[in-house]
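Structure, as structure tokens:
Note on naming: letters A, B, ... go to the chains in the order of the sequence lines (proteins, then strands), and numbering restarts at 1 for each one.
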Amino acid sequence: MKYNFNEIEAKWQKYWAENGTFHAENNTDKPKYYVLDMFPYPSGAGLHVGHPLGYIASDIYARYKRHQGFNVLHPQGYDSFGLPAEQYAIQTGQHPAITTKTNIKRYREQLDKIGFSFDWSREVRTSNPEYYKWTQWIFIELFNSWYNVETDKAEHIDTLIAKFEVDGNANVKAVCDDDVAMFAAAEWNNYSSKEQQEILLKYRLTYLAETEVNWCPALGTVLANDEIVNGVSERGGHPVVRKKMTQWSMRISAYAQRLLDGLNEIDWPQPLKDSQTNWIGRSQGAMVTFKVDGHDANIDVFTTRPDTIYGVSFMTLAPEHDLVAKITTAAQKEAVESYVEATAKRSERERMADVKTISGVFTGAHAIHPFTGEKIPIWIGDYVLASYGTGAVMAVPCGDQRDYDFAKHFGLDIPNIFENVDISEEAYSEKEGVKIANSDFLNGLTYKKAMKTVIYEMEKRGFGKGKINYRLRDAVFSRQRYWGEPFPVYYVDGMPQMIDVQHLPITLPEVEKYLPTETGEPPLGNAEVWAWDTNTNTIVSNELVTSSAVEKQDNGIYPLELNTMPGWAGSSWYFFRYMEKALRDEHFASKEALDYWQNVDLYIGGSEHATGHLLYARFWTKFLHDRGFVNVDEPFKKLINQGMILGTSAFVHKFIISYNIDLKITVETNDNSKIHSTKKYKNGKYYKKEIYVSSDRLEDLLDSKGQVLEKKFLLNEIDRENLFKTIEKEHFNIIRKEIDFLSDIEIVEITERAIPIHADVSLVNSSDELDIEGFKNWRAEFKDAEFICEDDGTFKVSREVEKMSKSKYNVVNPDEICETYGADSLRLYEMFLGPLEQAKPWNTAGITGVFGFLKKLWKLYVADEGPKVTETEPTKDNLKTLHKTIKKVQEDIENFSFNTSVSTFMICVNELTDQKCTSRAILEPLTILVSPYAPHIAEELWSRLGNEGSIATVKFPVFEARHLVESSKEYPVSFNGKMRFKKELPLDLSKEEIEKIILEDERTQAQLNGRTPKRVIVVPGKIINIVG
RNA sequence: GCUCGAGUGGCGGAAUUGGUAGACGCGCUGGAUUCAAAAUCCAGUUCUUUCGGGAGUGUGGGUUCGAUUCCCACCUCGAGUACCA
């Protein structure tokens, strides 16, 4: 019987679905193991072979853990809110919910074909009200929380109010806005409710504030910092500008230190930890206050080098700094204003692209150096960022290259405060290896000592203090989009109010259009039924809202929030939702479920989420932990980044030869004399011939960019000759017909070039040969294409590795692979390509290797006539092969080295085939070993061996070392470290015995050629090395 | 610029604490089978060679009996980040 993979795979996929084989238990004595894949966004394009890589790896691990006796949770779901569905809705009017549903259906079909062991009974979709009810709930809890620095965790806002009522805010240590005013308990108690709410907003973990945001006009929404790449939007690459807007923000900055510390507790790839560390950007230094001369104003600066304070010779403010307008002198007013205006006009991208140009303007004002009392000029310059620190720097040109360049450019002082350091060429920015000079009480001190001393001194004198600054900004949480979670928020008198939890979910309203309103409000502004009735606690028509200010009456009906939540809202807690299966309406997950499953043991996904999803998910987990809703502090214990699968693009080379011609015309006059003339035929017109040339004929003629090398002919002599014959036939004959008296045609100005064109990879076979007919029929423009082939008549394409994408015609669809080779082949091949973490190119040609392996595996169990497994005792060799394989495969899975275990299986099957093994004692355990990788064939063979039920939870074979014990070893014998020959020797020989035997060997004598060895190194069981 | 990661046959890659470099697979070459093709099977396949051997893991040095593996310097490619005071 043949290996009929299509039949087998369909059969077992059906079996698994019908029997709920992979449903995880919530009540069991088994140890738990939670394997999770990063949340997929169901895009319209469907999956290509690159997408399932991580899913296959996690599936192998999940299946392996089941064989090891674990209760495995391996769920899957969809991050189904998001921009593409909405963009599509804007273009077509199709409701995003419908496209999303269609896309999910397609995803599911594709995933099912690959044979994953997902527990679909726990599926999650972020756009389902049943799910986002709890996203809204978390938002409300964040609103009702503040960050207590003393306890170093989030607490309910009530504990803060209690402190205010008793003590005011003077002694409250909280993470809050910079601009909170001090008040006493009595004042607090006398504030109006609105005043109290305004103050509390400055403390809440999610708060409404006017912030400078990244506004993307093309997308009509704001973007978070991690959604911008190189100054343009990550999706679509549209320009982004700075704009002030009232927005919901998340006080993630409160968690900066804990997010940093937590990295030490988790098993994540170092580059990913590094990028989070960078993003959080902790820097230790001091906050120093400079007085402005002649004004009642201070400039606070943050510096990491307070030890260099005596080197300050000027200050620079960001052009956007609040003080700029106030302190600028009349004489400088015009220059400053035009500079500020010019900077504001420049987009963020321009500013970033142009790092080299130094620009700035003197304000005319001076600051007072806090130690020396000297007057130092205050400048503005766009190298100072408004959004970092205080938007102002104390410039120390001798110690900072940017300050140095600025000073040089504008001719400002560069005092040297380093002992024996030359700063005539550049600043000295090293911290170590130098002593401070010209700095009064800091003279002679090293960096470390000077830091301590100067901070102590500043704190004593009251104009500075030690401070840790973070680059991490609070995260903007509002999006001006339709397809996202609505906020459970309505507004009374401009103040946000939370809707009571019992009335959730607040479901997304229907709208006519998915675009912003004419007045520039977000798409929800188009909804007609989008107001909150506090009497009935229902959503009612907007018309019922009365403006209390105008009509002086309050009917209890208020407008709802028009923004929606960002994409990362739903994905920041979904891993907890999978734990709960039954009572999803009552809680986001039950206490029992949370206690049992804890957190994700293994998380596999791409590194592109380093500073987005993976940071936000950690933030929300820490918050939920602080408030006692979950009992873990980190969501993902171990994380692996799978590498990208790249496409192997195929190129055909279009060779274009173009030329002008001169015509020699002979006119016979009446008197039979002849006039010869030469003229350019149809001025400006030239002839062009396009032809496709097989890539082997182009070799060495193209440079690295695919351009034809100068002055070189692209084609060999014969090809050239043939080509011109064709040209003559096609072009010249036409000309000859048109013009009488033509005596000759001369070709002038020949240009040749070759253009590589992507050909669809499905038109190319494993030997890089193009299916010419297929190519002609592929697109209309190739219908009449002509080809110069190889001598054997084939046409070869050239190959290049690129990102897999539609536009490069190198996308490979997993469905087709499953159809032709089966899901088991796909799974094995994805793993076989190379290490999980590395980027690697896909080339469908190679899949025949693993496909052949599966057929060979099948033949070990099933002969043409029927089953061939016997009850015969296994031989020693059989057992050795099996146990070698058990050992290696187990080690490989535990090290996530899946590519090497596929090789191991191949070796195992090759050996057993050679040994003609038919023994059940060997072949039965082998099915279990293979089952995590190729589950369908494993199930089929397992059942053909007469077993009942699924192989999924059968115990993994146990490795027994005794089967690998050897009595002899084939020693490699090296001379000066180079292996020259091998010799089989018993393993129980002593070093001396080995040395004696080996020196007597005639091959040793031949190698030594009469010399006496200086030394003989014998490592028993390993190697023999003879030196001399 | 800075921070990470990686350089091994024609290609994907293997080599577990320093111990036989190139496992396994693709491709290629030759052969068997076949009317023919596909499929299958067998042999070979790092380079070089006067067929004894010699060289060889990005380059140059070092440590060692022995280095793809450890150390130093450099080159190339990839990823992330970018005026962070």
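- Between Phe5(A) and Tyr821(A), the distance separating the two ring centers is not shorter than 6.0 angstrom.
- Gln401(A) comes within contact range of no nucleotide atom at all, as no heavy-atom separation falls under 4.0 Å.
- Straight-line distance between the P atoms of A79(B) and U64(B): roughly 40 Å, to the nearest whole Å.
- Checking A85(B), C65(B), G12(B) against the side-chain heavy atoms of Phe832(A) singles out G12(B) as nearest.
- Side-chain rings of Phe314(A) and Phe406(A) approach one another, their centers coming within less than 6.0 Å.
- Across all strands shown, A36(B) remains unpaired; no Watson-Crick or G-U wobble contact has both distances below 3.5 Å.
- Nucleic acid contact class of Asp400(A) (heavy atoms, under 4.0 Å, all strands): none.
- The side chain of Pro835(A) lies closest to A14(B), out of C24(B), A14(B), A85(B).
- Atom NZ in Lys856(A) sits about 11 Å away from atom P in C24(B), given to the nearest Å.
- Rounded to a whole angstrom, the distance from the P atom of G80(B) to that of C26(B) is 34 Å.
- Taking only side-chain atoms of Asp382(A), from C-beta outward, the nucleotide of C65(B), U17(B), C83(B) with the closest atom is C83(B).
- No hydrogens or angles considered: nothing links the side chains of Glu800(A) and Ser649(A) as a donor-acceptor pair under 3.5 Å.
- Note on Glu911(A) versus Lys884(A): salt bridge recorded, some NZ/NE/NH1/NH2 to OD/OE distance being below 4.0 Å.
- In the set G12(B), U40(B), A21(B), the nucleotide with an atom closest to the side chain of Lys859(A) is U40(B).
- Counting to the nearest Å, the P atom of C65(B) and the CD1 atom of Ile998(A) are 21 Å from each other.
- Taking the side chain of Asp274(A) as heavy atoms from C-beta on, and the options C83(B), C65(B), U3(B), the nearest nucleotide is U3(B).
- OP1 or OP2 of G25(B) lies within a sub-4.0 Å distance of a side-chain N or O belonging to Asn910(A).
- For the OP1/OP2 pair of G66(B) and a distance below 4.0 Å, the side-chain nitrogens and oxygens of Arg980(A) include no atom meeting the criterion.
- Taking the six-membered ring for Trp and the full ring otherwise, the centers of Phe851(A) and Phe853(A) sit at least 6.0 Å from each other.
- At the heavy-atom level, Lys840(A) lies under 4.0 Å from the strands shown only through sugar-phosphate atoms.
- Contact annotation: Asn899(A) reaches the phosphate of A14(B) (side-chain N/O to OP1 or OP2, under 4.0 Å).
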